[in-house]
Novice: 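One structure coming up, written as structure tokens, with questions to follow.
All values derive from a computational prediction rather than experimental measurement.
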Amino acid sequence: MTDFVLTTAESKTMLSHLALYGLAAIVEDGGLEDVRLSWTPGMSSRPVLSAPQADPETIGEIVRRHAARHDTPQSWPSRQISAGEQRALMSPRISVISSSEGWHSLQERRHDVLDQLTDARALLDLRLIAALGEPSYWRKNRQGQRLQDDGASRLEMQPRNQGSEFVGNRIRPLAAAVAARTAAAVSDGLLGHTVRDEIGKDRPDSRTPTGLAAPGPTDNALAWCALWGISQFPIAPRSTGFATTSGHIGRGTAGYFYVPVWNGRWSTARIRTVLASGQLSRYAAIGLSPSDLGRTSDDAASRGEAAREWLAHRGVTAVVRFPVHRFGSDSAPERRAMLGELLKTGRR
């Protein structure tokens, strides 16, 4: 096994966890075999990707090629809602579509993209699109107005100011920036040897982290992997409220994200099963009040010990819980995962 350590990533930042998950998903999709994920021991744990062929040149080239494949006019991120309009067809949150004809057109064009990706067996692409969600045509308020955003993942936190949206304003430019690098430059950014924030122009207030970390210069290869890490958090649409997002508890536009830290080397499939587990969700709710969680009563505390034992038995040493705060204006709020709190399970 060769270890590839993300040396600038750390456990108290949500972006670091998603970068690890996304990197693993991308290199597996690119053909790297026997991929495993872990954390270095000690107080300053770093995420590690391991595989027999996990050398920097191989990793860098797979990630660069993955970005280049999504930086073509034929790729799904390049598809627009309609000709002459920049809004991305596959974004889960877009500005209002008011007519029935507009909705029918949106659905037909989205289904066409999904059919093409299914025929191509593009499983990671399909997993990301499914995890991001879609504009909600099924949710309306008492006035009959559509609540379009209710079908989207809580992890999709691109601010909506001036009509911006996730795919057009984050996926597309990041794909172009990473595709333009050499394989060595991509791996240098992931390893933390350099930090190049091409789309944020290296500004101190760069929004490249897209709510997964505090604003600031963020290497674009690391950010690219982090956004693809959303693919590991499936959602469940609901008819009575926001879609339920794996790794999120609490009120829809606030609440908390949560992820595990574990001993040993895990496969991506094992990570997905734990991320989606009720035990992880219940343990992440420990110490929070029913009002924190948007509930009228709480039985999570009574089941917390069973959840802790279940997680510890599987090697989970801690759950990291990230409060989500809102910044900016009410019309275009900016949501952000703050630094995480470690909830130890007692497993060493």
Novice: Over 60° means perpendicular and under 30° means parallel, so tell me whether Trp266 and Trp262 are parallel, tilted or perpendicular.
Specialist: parallel
Novice: Heavy atoms, side chains only, cut-off 4.5 Å: are Asp3 and Arg265 in contact?
Specialist: yes
Novice: To the nearest 0.5 Å, how far apart are CZ in Phe257 and CG in Leu18?
Specialist: 9.0 Å
Novice: Using modelled atom types and a 3.5 Å cut-off, is there a donor and acceptor pairing between side-chain atoms of Arg87 and backbone atoms of Ser95?
Specialist: yes
Novice: Answer yes or no on whether Arg308 is positioned over the face of Trp310, meaning its NZ or CZ is under 6.0 Å from the six-membered ring centre and within 45° of the axis.
Specialist: no
Novice: Nearest 0.5 Å, what's the CE-OG distance between Met43 and Ser11?
Specialist: 9.5 Å
Novice: Is Arg154 paired with Asp149 through a side-chain N to carboxylate O contact shorter than 4.0 Å?
Specialist: no
Novice: Between Thr317 (side chain only) and Val261 (backbone N and O only), is there a donor and an acceptor less than 3.5 Å apart?
Specialist: yes
Novice: Is there a side-chain contact between Cys225 and Val63 (heavy atoms, below 4.5 Å)?
Specialist: yes
Novice: Answer yes or no on whether Arg336 is positioned over the face of Phe327, meaning its NZ or CZ is under 6.0 Å from the six-membered ring centre and within 45° of the axis.
Specialist: yes
Novice: If you define the side chain from C-beta out and look only at heavy atoms, does anything of Val259 sit under 4.5 Å from Val319?
Specialist: no
Novice: Between the side chain of Asn169 and the main-chain N/O of Ser164, is any donor-acceptor distance below 3.5 Å?
Specialist: no
Novice: Can you check whether His193's main-chain N or O pairs, donor with acceptor, with Asp188's side chain at less than 3.5 Å?
Specialist: no
Novice: To the closest 0.5 Å, what do you measure between CD1 (Ile26) and CG (Leu32)?
Specialist: 12.0 Å
Novice: Passes side chain to side chain donor-acceptor pair (under 3.5 Å), Thr268 versus Glu28? Steps please.
Specialist: CA-CA 9 Å; Thr268 54; Glu28 280 191 333; 2.8 Å; yes
Novice: Test your reading of the model: is there a side-chain donor-acceptor pair from Ser105 to the backbone of Gly102, 3.5 Å cut-off?
Specialist: no
Novice: What do you reckon, is CD of Glu85 surrounded by more than 12 foreign heavy atoms closer than 6.0 Å?
Specialist: yes
Novice: Is there side-chain contact between Arg110 and Trp76, with at least one heavy-atom pair below 4.5 Å?
Specialist: no
Novice: Nearest 0.5 angstrom please: Leu6 CG to Asp219 CG, how far?
Specialist: 10.5 Å
Novice: Mark yes or no: Arg321 above the aromatic ring of Tyr256, with NZ or CZ under 6.0 Å from the six-membered ring centre and no more than 45 degrees from the axis.
Specialist: yes
Novice: Measure the CD1-CG distance between Ile235 and Leu132 for me, rounded to the nearest 0.5 Å.
Specialist: 8.0 Å
Novice: Short question: side chain of Glu165, backbone of Val167 - any donor-acceptor pair under 3.5 Å?
Specialist: yes
Novice: How are the rings of His17 and Trp39 set relative to one another: parallel (under 30°), tilted (30 to 60°) or perpendicular (over 60°)?
Specialist: tilted
